Novice: 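One structure follows; several queries about it will come next.
What you see is a predicted model, and the numbers here were worked out from it, not measured in a lab. Per chain, numbering begins at 1; letters A, B, ... match sequence-line order.
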Number of protein chains: 2
Amino acid sequence: MISCPKCSEVGSIMKAGYVRNKQRYVCKDCNYFFTLSNPDQITPRKNSRRHQTTIIDIARSTGVSNSTVSRALHGHADISPETRNAVLEMAALLDYQPNQLAYNLVKSRTNTIGMIVPEFTNSFFPNIIIGAHELLTEAGYNLTIMQSNESYPIEVSNTKAMLANRIDGLLISLTQETNNYDHLKVFEKRGIPLVLFNRVCDYVSAPKVVVNDFEGSFLAVEHLILNGYERIAHLGGPLNLLVSRERLRGYRAAMEKYGKSIEENMVIQGMFSQQKARIYGKYLLDLENRPDAIFAVNDSSAIEIMLMALEKGIRIPDELGVVGFSDNPESAYIGPGLTTIRQPTNAIGKTSAQWVLQLIESEEEMILPNEKVLKTELVVRGSSRRKDF
Amino acid sequence: MISCPKCSEVGSIMKAGYVRNKQRYVCKDCNYFFTLSNPDQITPRKNSRRHQTTIIDIARSTGVSNSTVSRALHGHADISPETRNAVLEMAALLDYQPNQLAYNLVKSRTNTIGMIVPEFTNSFFPNIIIGAHELLTEAGYNLTIMQSNESYPIEVSNTKAMLANRIDGLLISLTQETNNYDHLKVFEKRGIPLVLFNRVCDYVSAPKVVVNDFEGSFLAVEHLILNGYERIAHLGGPLNLLVSRERLRGYRAAMEKYGKSIEENMVIQGMFSQQKARIYGKYLLDLENRPDAIFAVNDSSAIEIMLMALEKGIRIPDELGVVGFSDNPESAYIGPGLTTIRQPTNAIGKTSAQWVLQLIESEEEMILPNEKVLKTELVVRGSSRRKDF
DNA sequence: TTGTAAGCGTTATCAA
DNA sequence: TTGATAACGCTTACAA
């Protein structure tokens, strides 16, 4: 008695013509075609619970070898159109889906780029993801995204997972907690392409994609000064991040250039969070001699400040100028509109992705500029435009 | 001469004590420890370009077998603490990173959930992703996200890629183009858990996570009516999507309940896109006898309408009431604030993720309610609140 | 043009 | 408590 190699059924086997001079059978139960080239192939493969059809199934059913099937499937040359068609037909018939896992294992590449971002509650990182995603998809790569949630331990475990999954390259933007970079150096040591973006650091020799935070901040503060604000506070980010330091530097440079003295109690550096923004914002607005303008490290903080000013009845922009950074979607609409520095988020994603692909495709260690700096843009809205200026 | 099994170097091999009565060596060049249990293991493994250390490397260096290493690494019982420690030490020394690919292949599961969303330009899907991501991470699963960009062919190729990568389960929200569901039925046939969310359809027997679009819309329109609006237009979505149909149904039901006649030229169904919103918005606002309120299928469209009204000098809410759907972040801030229906995005993600995990973990085909309906919430803001009401 | 067989890095089933 | 050895599904020399 012949049993179906796929579903083990014995009662429903029928003859189904000849292939390459061998009797072909079909199992009416599971619609599986096969030949019996060799008696011990009659026994079904074990562990067949939810068996997905493999190359071997196709090989058996068509009466050719695995390698021939593989070649046919990949449109290799040196294969007779006749057998190729037979294989392709059978593949369709058996509803064959290649097993990427096995492919990846033997090729030891996955065609997948990993991306780790600290958060995606703001639209900032999602927009970067969109950019990277577009470019990678076009290039035939998959993108696996992980989120570190601004936590260093999670970031470390994320990189471990990426490593374990043998991604071909990694795009990463660091958490605000990250001060140790050993988990990134592993990538260097392994020769796995790595690109840092936005939240970068100096201590790892990987390419970095950033924006001109210094200039952006300089322009922002200069704009406030040119609108007649004198005592400008800065609500900054955590200083272990280069972005925070650069934006602080831009602030100081602008103040200095225009001969404004900086009151150090009005320069605050802190973690990114809505709660922190409220605390620092309250502090600044409650100062006995409160600033007449605030340059915030990002739009979320700036918006918190605007809302608090509203509550307190402080008029914007007359009594208080506010400028943010990043141009969140809500910034255009809040109150008189929030003046801000627009970041080319899509381009950040695209640039980073392109770079990591270049690193992958270039066999040699490339000698490359280690940093790409994209341009920001000052977007002037109502929160900083005084009528009398 | 002994050559290093890892880097093939011959000049830098030194003796390094004894392990299990075998001479141990170390390659000073690549810091690789090994023993020579068997003469033909002297030859380095070929294809060693960028060789990542494997279980076999550890086995050789420690002088035990693969299986023992595997067991030690997984903290199996039945292993002497002595050898376990030796293995673990060596693993750390050689900087071993497990190869998830191989693991997945033999286990034929990936611990990865796939997620396909039509877009993430709005904050809507990112927020759902956040919810799903949180729950999945906690459960020890990875999340692979793909974006169909509202394109049916891309959606199909995405599902193929997911299948090829042997994800353990899929969460999907359909594109506005999708009218054929064969690519989803494959999952059914293969027994791969599938959960539809938000953009669902009736033609595939998979669990669905949706919100009460009907009630939400009903409340939105009722709210407009109770604020004295009479001639309410509806700017709807593509009708092949259940959400669009449900929201339309809610609109009609509310109008009917309050005895308002619907002017059919003021009910428009169209694709989601900013451009379309502008075109339809212009049409509605330019009508000779224009509506006194518009209920839009989503906030993006509603916002476009508000902006156009602003341009045309139509006062909101006095001359025109506007209500959207979803509560985008910018909706709170635009003009007098956009009244909208808030969707529990985080919960949508979490619920879908939880469901797919349940399906994975339950061996049996579960008998389950086929749909979960989450609650929406009316958020009243200035765009619909008439002073005289 | 096709087949054979080794190898990718694991886990799992037997024996020892 | 350990070690061989056979899978997992695929690609690819090398042989025929």
Side-chain angles (χ1 to χ4, degrees), chain A residues 19-21 37-38 45-60 62-87 91 94 96-111 163-166, chain B residues 19-21 37-38 43-60 62-87 91 94 96-111 163-166:
Chain A
V19 173
R20 334 190 110 250
N21 293 328
S37 47
N38 176 329
R45 310 172 71 195
K46 66 176 178 176
N47 216 1
S48 66
R49 196 181 72 89
R50 265 180 200 168
H51 172 69
Q52 321 237 114
T53 72
T54 72
I55 276 191
I56 300 182
D57 295 323
I58 302 178
R60 286 185 188 166
T62 326
V64 299
S65 77
N66 311 347
S67 29
T68 304
V69 173
S70 174
R71 283 188 280 252
L73 253 25
H74 291 313
H76 249 251
D78 289 352
I79 185 163
S80 81
E82 185 187 345
T83 53
R84 210 234 318 282
N85 288 340
V87 167
L94 299 185
Y96 169 76
Q97 292 287 348
N99 187 329
Q100 193 71 30
L101 262 40
Y103 179 91
N104 291 343
L105 182 60
V106 53
K107 289 288 204 178
S108 71
R109 72 196 308 261
T110 53
N111 259 275
L163 237 31
N165 281 297
R166 297 296 192 270
Chain B
V19 173
R20 333 190 114 249
N21 294 327
S37 49
N38 177 326
T43 45
R45 310 171 71 193
K46 66 176 179 180
N47 214 2
S48 67
R49 195 182 72 90
R50 265 181 202 169
H51 172 69
Q52 321 238 112
T53 72
T54 73
I55 276 191
I56 299 181
D57 295 322
I58 301 178
R60 285 186 189 166
T62 327
V64 298
S65 77
N66 312 348
S67 19
T68 303
V69 173
S70 175
R71 281 189 282 251
L73 253 25
H74 290 314
H76 247 253
D78 289 352
I79 186 163
S80 79
E82 185 188 347
T83 52
R84 208 230 322 281
N85 288 340
V87 167
L94 298 185
Y96 169 75
Q97 293 287 348
N99 187 326
Q100 192 74 30
L101 261 42
Y103 180 91
N104 291 344
L105 181 60
V106 55
K107 288 289 204 178
S108 70
R109 74 198 305 261
T110 53
N111 260 276
L163 239 29
N165 282 297
R166 296 297 192 268

Novice: So does B:T54 get a side-chain nitrogen or oxygen closer than 4.0 Å to the phosphate oxygens (OP1/OP2) of C:dG9?
Specialist: no
Novice: With DNA chain D as reference, determine whether B:P81 or B:A102 sits nearer its 5' end, using the nearest nucleotide of each.
Specialist: B:P81
Novice: Do B:T68 and B:I79 have side chains that get closer than 4.5 Å, going by heavy atoms?
Specialist: yes
Novice: Got a sec, which residues hit side-chain contact (heavy atoms from CB on, under 4.5 Å) with B:A86, two or more places apart in sequence or on another chain?
Specialist: B:T62
Novice: At 4.0 Å (heavy atoms only), tell me whether A:N99 reaches a base, stays on the sugar-phosphate, or touches nothing.
Specialist: sugar-phosphate
Novice: By nearest atom, which of the nucleotides D:dG3, C:dT10, C:dT2 is closest to the B:S65 side chain?
Specialist: D:dG3
Novice: Which whole-number value in Å describes the distance from A:I58 CD1 to D:dG9 P?
Specialist: 13 Å
Novice: Got a sec, which residues hit side-chain hydrogen bond (donor to acceptor under 3.5 Å, both in side chains) with A:S67, two or more places apart in sequence or on another chain?
Specialist: A:S65
Novice: Output the single nucleotide from D:dG9, D:dT2, D:dT11 whose closest atom is nearest the side chain of B:D78.
Specialist: D:dT2
Novice: Roughly how many Å is it from CZ in A:R166 to C1' in C:dT10, rounded to a whole number?
Specialist: 11 Å
Novice: Rounded to whole angstroms, how far apart are CG on A:L101 and P on D:dT11?
Specialist: 13 Å
Novice: I need the A:N99 CG to A:T53 OG1 distance, nearest 0.5 Å.
Specialist: 10.5 Å
Novice: Does a side-chain N or O from B:S108 land closer than 4.0 Å to OP1 or OP2 of D:dG9, or not?
Specialist: no
Novice: Does a side-chain N or O of B:Y103 approach OP1 or OP2 of C:dA12 to a distance below 4.0 Å, or not?
Specialist: no
Novice: With side chain to side chain donor-acceptor pair (under 3.5 Å) as the rule and sequence neighbours excluded, what pairs involving residues 69-79 of chain B come up?
Specialist: none
Novice: Can you tell me how far P of D:dC10 sits from CD of A:Q52, to the nearest Å?
Specialist: 10 Å
Novice: Rounded to the nearest Å, what distance is computed from the CG atom of residue A:D57 to the P atom of nucleotide D:dC10?
Specialist: 9 Å
Novice: Within the 4.5 Å heavy-atom criterion, are A:Y96 and A:L73 side-chain neighbours or not?
Specialist: yes
Novice: Would you please test A:V69 and A:V64 for side chain to side chain contact (heavy atoms under 4.5 Å, CB included) and show each step?
Specialist: CA-CA 7 Å; A:V69 173; A:V64 299; 3.7 Å; yes
Novice: Rounded to the nearest Å, what distance is computed from the CG atom of residue A:L105 to the P atom of nucleotide C:dT11?
Specialist: 12 Å
Novice: With the criterion being N/O to N/O and under 3.5 Å, what pairs connect the protein with nucleotides 12-16 of chain D, and how long is each?
Specialist:
from	atom 1	to	atom 2	distance (Å)
D:dT12	OP1	A:K107	NZ	2.5

Novice: Does A:D57 use its side chain to pair, donor to acceptor, with the backbone of A:T54 at less than 3.5 Å?
Specialist: yes
Novice: A:R84 CZ to C:dT2 P: how many Å, rounded?
Specialist: 10 Å
Novice: List the atom pairs, donor and acceptor, that lie under 3.5 Å between side-chain atoms in residues 102-110 of chain A and the rest of the protein, sequence neighbours left out.
Specialist:
from	atom 1	to	atom 2	distance (Å)
A:N104	OD1	A:Q100	NE2	3.3
A:N104	ND2	A:Q100	O	3.3
A:R109	NH2	A:Y141	OH	3.2
A:T110	OG1	A:T112	N	3.4
A:T110	OG1	A:R166	O	2.8
A:T110	OG1	A:D168	OD1	3.3

Novice: Taking CD1 from A:I56 and P from D:dT11, how many angstroms apart are they, rounded to a whole number?
Specialist: 12 Å
Novice: Please report how far the helix from C:dT1-D:dA16 to C:dA16-D:dT1 bends, comparing the axis fitted to its first five pairs with the axis fitted to its last five, to the nearest 10 degrees.
Specialist: 40°
